[in-house]
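Comments concern the structure below.
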Amino acid sequence: MTTTSETAAEAPRKTLETAVRMEAVNKWYGAFQALKNVDLEVRSGERIVVCGPSGSGKSTLIRCINQLEAIQSGRIFVDGIELTAGGKNVDAIRREVGMVFQQFNLFPHMTVLENCTLAPMKVRGETRDAAEATARKYLARVHIPEQADKYPAQLSGGQQQRVAIARALCMNPKIMLFDEPTSALDPEMVKEVLDTMIDLADGGMTMLVVTHEMGFARRVADRVIFMDRGEIVEMAPPDRFFDDPQHERTRTFLGQIA
Amino acid sequence: MTTTSETAAEAPRKTLETAVRMEAVNKWYGAFQALKNVDLEVRSGERIVVCGPSGSGKSTLIRCINQLEAIQSGRIFVDGIELTAGGKNVDAIRREVGMVFQQFNLFPHMTVLENCTLAPMKVRGETRDAAEATARKYLARVHIPEQADKYPAQLSGGQQQRVAIARALCMNPKIMLFDEPTSALDPEMVKEVLDTMIDLADGGMTMLVVTHEMGFARRVADRVIFMDRGEIVEMAPPDRFFDDPQHERTRTFLGQIA
Amino acid sequence: QTVSEIKGRGVINIGMLVDFPPFGIMNTDNQPDGYDADVAKLLAADLGVKVNIVPVTGPNRIPYLLSSQIDVLVASLGITPERAEKVDFSSPYAGIRLSIIGDKTKDLASPEKLVGKRVGVARASTQDTAVTKVALPGTLIQRFDDDASATQALLSGQVDAIGCSNTVVAQILKVAPGRFVETFPLSQQVQGIAVRPKQTEFLAAINAFVAKIKADGRLEAISQKWLKAPLADFVAAAK
Amino acid sequence: MIRTFGWNEFLFILMAIRWTIALSAIAFIGGGIGGLAIALARTSGDKVVRQATAGFIRVFQGTPLLLQLFLVYFGMAVVGAAINPWIAAALALTLHASAFLGEIWRGCIEAVPLGQNEAATALGLKWASRQRWIILPQAARIAVAPTVGFLVQLIKGTSLAAIIGFTELTRAGQIINNATFEPFTVFSIVAGLYFVLCWPLSLLARQAEIRFARASAR
Amino acid sequence: MYDFNFAPVFASSDQLLRGAAVTLELSCEAMAIGLVISIGLAAAKTSKIAPLRWVVQAYIELIRNTPFLVQIFFIFFGLPSIGLRMSPDAAALLALVVNFCAYATEIIRAGIESIAVGQIEAGRALGLKPLQVFRYIILKPALRTVYPALTSQFIYLMLTSSVVSVISAGDLTAAGADVQSRTFASMEVYLVITVVYFLMSAGFSALFGAIERAAFRYPLSR
Ligand SMILES: Nc1ncnc2c1ncn2[C@@H]1O[C@H](COP(=O)(O)OP(=O)(O)OP(=O)(O)O)[C@@H](O)[C@H]1O
Ligand SMILES: Nc1ncnc2c1ncn2[C@@H]1O[C@H](COP(=O)(O)OP(=O)(O)OP(=O)(O)O)[C@@H](O)[C@H]1O
Ligand SMILES: [Mg+2]
Ligand SMILES: [Mg+2]
């Protein structure tokens with residue numbers, strides 16, 4: 001349990017508005033409990049890095065936030081709206097939350113531009129012109145404006161992941177979720193994706209990032225969360241987290257991945 | 001090109017016997033030249049690490065050594081036997097060379113033990129008892145003797161890769177080839193496979209390893225090779241390679257993956 | 001020559017329909033039976049050999065004969081000039097009357113009235129030939145695989161009339177009393193035993209056999225047994 | 001001479017099922033052997049062999065089985081090499097099934113990851129050993145479902161052998177129908193018997209598919 | 001020995017060509033209609049609504065495990081008894097569609113299930129509704145995956161269509177049988193129509209190849 005209580009005052013950039021709040025969230029897959037009584041509050045503009053061993057519930061945690069997984073008990077608020085189990089607000093919430101997956105999950109049969117304009121056109125009803133303008137803006141932001149007409153399979157892994165980021169940004173989300181965005185990449189491509197994310201963080205985006213890139217965590221995270229067996233074991237600003245972890249399990253873990 | 005000539009005297013452990021010699025090897029895939037005039041000599045007991053950007057020909061290089069790819073010109077000698085294009089000696093050579101793949105490539109329909117005994121029984125005509133005894137010996141060597149009767153799908157990635165190593169060892173090869181053996185593994189499992197390989201290296205096995213694990217390279221490599229666009233650009237003992245690379249391209253590359 | 005060949009072999013292979021009652025049927029013991037079967041057995045006995053009846057179908061009976069899979073067809077094969085170009089016929093051993101039977105509520109009394117109407121027949125049958133001959137342009141002839149399908153088409157209203165033999169007419173009137181009438185006759189059709197061309201000796205033997213059973217009343221008995229009627233005069237008279 | 005549909009008529013149809021089964025068995029054994037050869041030839045390294053088998057497949061998948069049966073049986077007789085209907089049926093059905101099974105199995109063989117073949121090669125296993133121990137066992141697991149699915153089609157396809165004189169299920173139904181004029185009774189029974197024959201196989205295929213899906217879901 | 005004589009067959013070539021045209025038309029129509037319906041049925045079969053899945057499953061089992069001949073028989077001769085009467089060509093088309101859809105639905109379902117969950121999740125995470133996910137994200141890659149199976153089923157459909165001659169639809173086989181019944185040149189007729197069938201399936205294969213190249217231009221990864 002043990003959610004250590006870091007106060008908002010510590011990190012200068014975050015506002016007092018709450019972007020995500022989880023209250024006593026429990027999540028089961030059949031008989032297996034993947035999240036145990038999780039409490040978490042993320043302020044607008046805050047950057048959270050989540051780490052922990054495989055199977056500890058990191059993906060589950062962030063997937064609950066945009067309702068890719070339904071929870072069994074507890075409450076989740078996103079941008080002030082409560083996610084109800086029935087899921088009436090799901091559509092509203094998904095519009096506020098962008099997500100980037102480990103496996104990119106670009107649509108292989110659409111060009112980069114089409115990948116980026118599909119949701120704005122079909123979900124928000126934007127015109128093609130407007131959607132394309134937005135898409136080109138974000139493709140420029142992730143430094144691949146010239147790839148707009150290629151298909152995903154024609155891009156390197158790093159470029160694909162940047163398209164995935166741009167695609168999420170095109171929906172103008174308030175919050176971005178990243179699930180191990182660099183772990184399927186060749187070593188050389190990790191950097192270009194991390195740079196893109198740092199850029200995004202500098203722009204003030206609220207971000208929840210599952211990653212084991214500790215350099216990234218040190219540089220941009222406001223808080224680092226360590227999960228194990230469905231629980232949040234430790235939560236602290238990066239300096240404290242890395243240099244002075246409070247829990248044995250955290251220390252073992254950090255020792256392994258170093 | 002530019003093969004800098006490191007002499008055998010520098011590394012104390014290697015003998016003077018030649019394990020692999022490549023002379024002016026050229027390899028095309030259709031119109032694309034994957035290896036350009038590659039010269040390489042590996043002594044018995046030597047450990048070589050190969051690195052370089054994606055597509056530079058690292059896999060092609062080691063796959064030519066056991067003739068998974070045929071070359072168009074040049075000569076390759078393995079353990080004193082020349083690999084001819086027609087491939088008469090291929091069978092003899094494959095028996096001397098073990099290979100471990102990035103994707104493990106275990107046979108999913110066979111148990112771990114069956115994976116390890118198949119080739120000794122079918123290729124070398126060993127009895128089942130003899131083959132199983134050898135297999136158990138090497139499974140113990142890679143620290144998973146208790147997994148012998150499981151199927152590959154029931155093992156973690158790290159365990160699978162160790163089975164793949166044991167399987168190759170069961171053929172009693174003189175030379176082991178590794179093609180990015182840890183890059184498909186979760187971060188936590190990388191270590192156990194690297195430890196196995198270090199163990200193997202300490203035992204005096206001749207090894208050619210394609211990897212980006214620079215810690216491993218520093219620790220066990222006698223020489224590190226850097227490839228780019230089908231050429232061997234730089235070849236040096238690890239200290240010199242990492243601390244004082246001669247070529248601009250090597251420096252850029254090392255900068256990126258650090 | 002065929003006759004000595006068959007005698008040497010000791011068995012004659014006779015092609016016969018088994019789905020053309022009452023000429024060719026499978027009886028309750030699941031043996032080929034009917035008018036044709038009785039004639040076939042007599043033929044074999046006459047030649048002094050055993051009989052091997054090979055069930056054939058309307059569409060494939062001539063290929064069977066021409067490809068020598070069988071020696072002779074006793075398969076209710078109506079004698080027509082077109083067929084006579086491909087096979088040689090014996091003198092007639094049976095006959096049927098062909099006519100049009102149709103929906104009682106519609107006036108289908110002449111070929112002119114059939115224009116614009118759907119008329120079903122069994123494909124590759126003599127009914128087919130007969131209907132095709134009388135049909136005026138605009139008559140919609142629909143060809144089915146066998147009489148049963150054509151009959152079913154009539155019963156289910158998919159065609160307005162069909163061309164068929166008197167035996168089928170009797171069956172239809174029995175199955176669906178009051179719905180259909182026999183509107184006009186098409187032709188009389190005599191059926192012959194068929195052999196491959198140029199087998200003059202064999203054909204002569206068969207003709208002798210047919211003449212013999214006509215003369216000694218055995219064919220008359222078969223007709224009484226299966227058709228419940230005397231041998232039709234146009235069959236008896238034909239040579 | 002019209003009969004009513006009774007027990008004997010039912011028995012006649014029921015007994016005809018043995019020809020359907022026998023023809024299916026022949027087709028499947030012949031097709032199994034031929035199909036394996038075709039599949040291996042289609043995946044071989046030799047371009048001539050690959051193209052020859054591709055041509056074979058194209059011909060037999062591109063023409064109706066009915067005509068294949070007809071041409072084999074009557075055609076052989078016509079060119080003076082008369083064969084009995086069993087041999088003709090066996091030949092035509094074998095050729096037909098070989099083409100389809102060969103194509104199905106080729107797909108299954110190609111679905112085995114390339115790395116499997118490479119790993120086996122690197123271990124020094126020869127072509128025959130690789131096929132026998134590594135490729136075919138893995139392809140077989142994927143193959144069960146589509147193979148059984150094809151068997152079901154084949155069972156129904158044997159009805160076309162009526163054209164060369166077999167009184168199998170469908171033909172028996174037609175004969176009885178011609179004698180009884182009760183098509184709906186007759187064809188319901190025929191359909192029912194096919195269903196009894198085929199459905200268990202379909203269930204088997206589905207189960208195999210589910211089992212495979214579960215196994216390959218890691 | 002048999003004397004081959006193709007003259008009467010070629011004399012009837014326009015009847016055979018008309019038959020071939022009917023076969024082509026029937027097959028194309030059945031393919032087009034059947035494809036659309038099968039996509040719908042496959043969507044139903046992968047849906048979350050269990051009764052819908054059961055109904056589709058029952059239909060598939062019934063059709064796949066009974067002969068086409070019997071199906072067409074019931075449609076042509078049976079449906080009139082409940083007041084549904086149609087021409088042989090219409091009945092043939094209906095029977096072909098009903099038969100084809102049972103197979104095609106299963107093929108397309110396999111394609112749908114081969115789509116990585118991540119694709120669906122990505123679509124949902126972007127806020128697309130389930131039907132939009134199906135239409136824009138799943139459908140095309142699913143069809144591409146099973147395209148070879150689907151096209152062989154198409155060819156099979158065309159070959160199966162020869163059975164419709166039993167209800168006097170004027171397809172190529174029926175035309176061949178008619179010519180044969182007039183000329184008795186059965187060997188020649190069957191040889192010729194076999195060749196015509198072969199040419200038509202070769203034509204279809206070429207057409208499907210062209211469609212594949214046009215519709216599925218996007219490259220596949222790895
Ligand atoms: N659909 C599912 N059904 C059953 N169990 C599941 C399912 N998804 C995840 N789990 C289980 O829930 C636990 C948490 O999974 P989760 O994917 O959140 O872990 P993770 O921390 O993201 O791990 P990784 O680093 O491997 O991605 C794991 O034990 C996993 O096996
Ligand atoms: N079968 C093939 N056909 C055509 N080109 C190929 C083939 N295999 C490899 N290549 C090309 O040859 C080049 C070298 O490939 P190779 O796999 O040796 O690279 P690598 O250095 O191992 O890269 P990576 O780090 O991505 O594994 C690449 O450009 C690749 O695209
Ligand atoms: Mg995860
Ligand atoms: Mg490689």
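Predicted model, so just to flag it, every value in this text is computed and none were measured.
Heavy-atom distances place both the backbone and the side chain of R167(A) under 4.5 Å from chain E. Using a 4.5 Å cut-off between heavy atoms, F107(A) contacts chain E through both its backbone and its side chain. There is no contact between I93(A) and chain E, counting heavy-atom distances below 4.5 Å. The parts of Q119(E) that come within reach of chain A are both its backbone and its side chain, each placing non-hydrogen atoms under 4.5 angstrom from that chain.
The pair R43(A)-E17(A) does not meet the salt-bridge criterion, since no charged nitrogen lies less than 4.0 angstrom from a carboxylate oxygen. Remark: E106(E) engages R109(E) in a salt bridge, criterion side-chain N to carboxylate O under 4.0 Å. Under a 4.0 Å N-O distance rule, the pair E96(A)/R94(A) does not qualify as a salt bridge.
No other option in A168(A), P120(A), A119(A) has as many heavy-atom pairs under 4.5 Å with chain E as A119(A). Among M99(A), E114(A), K122(A), the residue with the largest count of heavy-atom pairs under 4.5 Å with chain E is K122(A).
In this structure, L79(E) and R85(E) have side chains that are not in contact, with every pair of non-hydrogen atoms separated by 4.5 Å or more.
Between the side chains of Q33(A) and N26(A), a donor-acceptor pair is found at a separation under 3.5 Å.
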